[in-house]
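Have a look at the structure below before the remarks.
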Protein chains: 2
Amino acid sequence: MSLKHAILGFLSLSPLTGYDLKKHFDQSVRHFWPANQSQIYRTLAELDAEGLVSKDVIAREDRLDMKVYHLTETGLAELRRWLAAPLPMQETREPLLVQVFFAGQITDAELLSVLRSQLAEAEAVLAALTAIYHQQLEGFPALAAPRSAFFSTLTLEYGLAAYAALGRWLLAAIRRVEAQDYAPAPLPDLIGAQA
Amino acid sequence: MSLKHAILGFLSLSPLTGYDLKKHFDQSVRHFWPANQSQIYRTLAELDAEGLVSKDVIAREDRLDMKVYHLTETGLAELRRWLAAPLPMQETREPLLVQVFFAGQITDAELLSVLRSQLAEAEAVLAALTAIYHQQLEGFPALAAPRSAFFSTLTLEYGLAAYAALGRWLLAAIRRVEAQDYAPAPLPDLIGAQA
DNA sequence: CTGTCCATGTAAGGCGTTACATGATTGT
DNA sequence: ACAATCATGTAACGCCTTACATGGACAG
């Protein structure tokens, strides 16, 4: 379960409240690990019960207490253990592929409309990620990129590569449906082999 | 929820028992929509209650009755409606990216071992998909690919493209960690732009 | 004076997983 | 004799989502 470990990860950088954590998720990892508020509060309580985090309760007059969470030693150890352990093979679910797989039940026109709307979305995400990428380039203009920033850059680059690949696949699919060309694509094109 | 619609999809091709459905899932869509047995039985019961499928009960002496499910008219209509409707933006969870994002807490050596084991897995999946691809080429050798086979081919091609992209990203990441080169990669490389 | 931000949670439901349980038939 | 296949399900738990609920501070 990565949510627990993502929370441990953020807390390893600084102590935070549940509310702060939600903002951190939304600002950095939401593209690959969205988390909602009730989930974060519940998971913090679990981590607390397990002794991986502990909290300082800040009493405030007339308001709910504020709880600032920080890692315990066992929490840090667990985070490091998880980060260094290879992940068990994970299964992905792609509803778009389910739609394509059973597209025999719909017309070419209907399928094209589905594919085109997916393509528009993929291009929008790609544009958004590209904008963030350029922003980061300004922050670390030359060769002065520190190791700490590198990992965030890497996850961004994954997003760029993945959405670009999705876009290319969609575009190729659209063209072939339009041309009613049902032959398989050549392998080198698919896996992006260089000539 | 795509499981319901995947089941409707299979039943649109032929009536099946729960057991048959499980085999169909495992043989064709497991790469992008794994389903387990108890889930299938529960969902069939729900679909039945909703009137999207109905069943013929085949009584057998000394054994449990066999239930063969088939689509109803509303079931087919619902399948077609879902297949033609653009999907709501779906959020993905990538635990590997969580590991990379917080890799500041582990050493280069530990990170490299994680990345290399992911790369080995990605290459294994790519090899498996490539084998299936070649098998399909034999089945439809020339230009005689029918529309019905095309959609299955398309989903396979998606898998090839996605795992190839993952592998390229992992390899690039490994090389940069090894070289302690923390500069961002150039955009055209990332999105696979042609020169 | 209305809405957004800060900050906390609870409740209910959906989807998925793992493990358990049964029992005849077919293959080695 | 033993295992795999056919064929059905139940139980319990885990993770995530949506919606609901509270209430002060501050900005337009």
Side-chain angles (χ1 to χ4, degrees), chain A residues 1-8 10 15-27 29-30 32-50 53 55-69 82 87-95 98, chain B residues 1-8 10 15-27 29-30 32-50 53 55-69 82 87-95 98:
Chain A
M1 201 226 321
S2 302
L3 176 61
K4 274 188 185 173
H5 296 99
I7 289 177
L8 294 177
F10 280 121
L16 296 168
T17 67
Y19 187 86
D20 291 334
L21 270 168
K22 170 63 173 157
K23 281 192 300 183
H24 278 78
F25 271 90
D26 287 349
Q27 281 160 24
V29 300
R30 81 165 168 293
F32 52 90
W33 204 278
N36 67 24
Q37 176 253 44
S38 36
Q39 223 187 141
I40 288 172
Y41 282 106
R42 213 180 342 112
T43 306
L44 277 171
E46 282 166 33
L47 288 170
D48 194 7
E50 291 167 21
V53 305
K55 56 171 183 275
D56 295 318
V57 180
I58 298 175
R60 297 178 304 174
E61 306 135 15
D62 294 338
R63 285 210 256 171
L64 284 176
D65 292 349
M66 193 169 79
K67 296 171 187 173
V68 181
Y69 291 87
W82 183 81
L87 293 164
M89 246 294 257
Q90 48 149 358
E91 308 184 311
T92 53
R93 279 159 221 273
E94 304 282 352
V98 176
Chain B
M1 201 221 325
S2 302
L3 175 61
K4 273 188 185 172
H5 297 99
I7 289 177
L8 294 177
F10 281 120
L16 297 168
T17 66
Y19 187 87
D20 291 334
L21 270 168
K22 170 62 174 157
K23 281 192 299 183
H24 278 78
F25 271 90
D26 288 349
Q27 281 161 22
V29 299
R30 82 167 166 291
F32 51 91
W33 204 277
N36 66 25
Q37 178 253 44
S38 35
Q39 222 187 139
I40 287 172
Y41 283 107
R42 214 180 342 118
T43 305
L44 276 172
E46 282 165 32
L47 288 169
D48 194 6
E50 291 167 21
V53 304
K55 56 173 183 273
D56 294 318
V57 180
I58 299 175
R60 298 179 302 174
E61 306 134 15
D62 292 340
R63 284 212 256 170
L64 284 177
D65 290 350
M66 195 169 77
K67 296 171 186 171
V68 180
Y69 290 88
W82 183 81
L87 293 164
M89 246 294 257
Q90 48 149 0
E91 308 183 310
T92 54
R93 278 157 223 272
E94 303 281 352
V98 176

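Lettering of chains follows the sequences in order, A, B, ..., and the numbering in each one begins at 1.
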Any side-chain heavy atom of [X] within less than 4.5 Å of one from [Y]?
X: W82(A); Y: L87(A); value: yes
X: L44(B); Y: L21(B); value: yes
X: V98(B); Y: V29(A); value: no
X: N36(A); Y: F25(A); value: no
X: V68(A); Y: M66(A); value: yes
X: Q90(B); Y: E94(A); value: yes

Atom [atom1] of [X] to atom [atom2] of [N]: distance rounded to whole Å?
X: Y19(A); N: dT4(C); atom1: OH; atom2: C1'; value: 9 Å
X: Q90(A); N: dT17(C); atom1: CD; atom2: P; value: 13 Å
X: K22(B); N: dT17(C); atom1: NZ; atom2: P; value: 9 Å
X: Q37(A); N: dA7(C); atom1: CD; atom2: P; value: 13 Å
X: M66(B); N: dT25(C); atom1: CE; atom2: P; value: 14 Å
X: D65(B); N: dA24(C); atom1: CG; atom2: P; value: 15 Å
X: D56(A); N: dA7(C); atom1: CG; atom2: P; value: 15 Å
X: L44(A); N: dT8(C); atom1: CG; atom2: P; value: 9 Å

Considering just the side-chain nitrogens and oxygens of [X], establish if one lies under 4.0 Å of OP1 or OP2 belonging to [N].
X: N36(B); N: dT17(C); answer: yes
X: R93(B); N: dT17(D); answer: yes
X: Y41(A); N: dG9(C); answer: no
X: T17(A); N: dT8(C); answer: yes

> Rounded to the nearest 0.5 Å, how far apart are CG of D20(B) and CD1 of I40(B)?
Replying inline: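 One finds 10.5 Å between CG of D20(B) and CD1 of I40(B).
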> If each of D20(B) and T43(A) is mapped to the nucleotide of DNA chain D with the nearest heavy atom, which maps nearer the 5' terminus, i.e. the 5' end?
Replying inline: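 By nearest-heavy-atom nucleotide position, the 5'-most residue is D20(B).
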> Would you say the side chain of S38(A) and the base of dT18(D) hold a donor-acceptor pair, judged only by whether the two atoms sit under 3.5 Å apart?
Replying inline: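 Result: at least one qualifying N/O pair found.
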Would you tabulate the pairs of protein nitrogen or oxygen atoms and nucleotide nitrogen or oxygen atoms of nucleotides 12-15 of chain C closer than 3.5 angstrom?
none

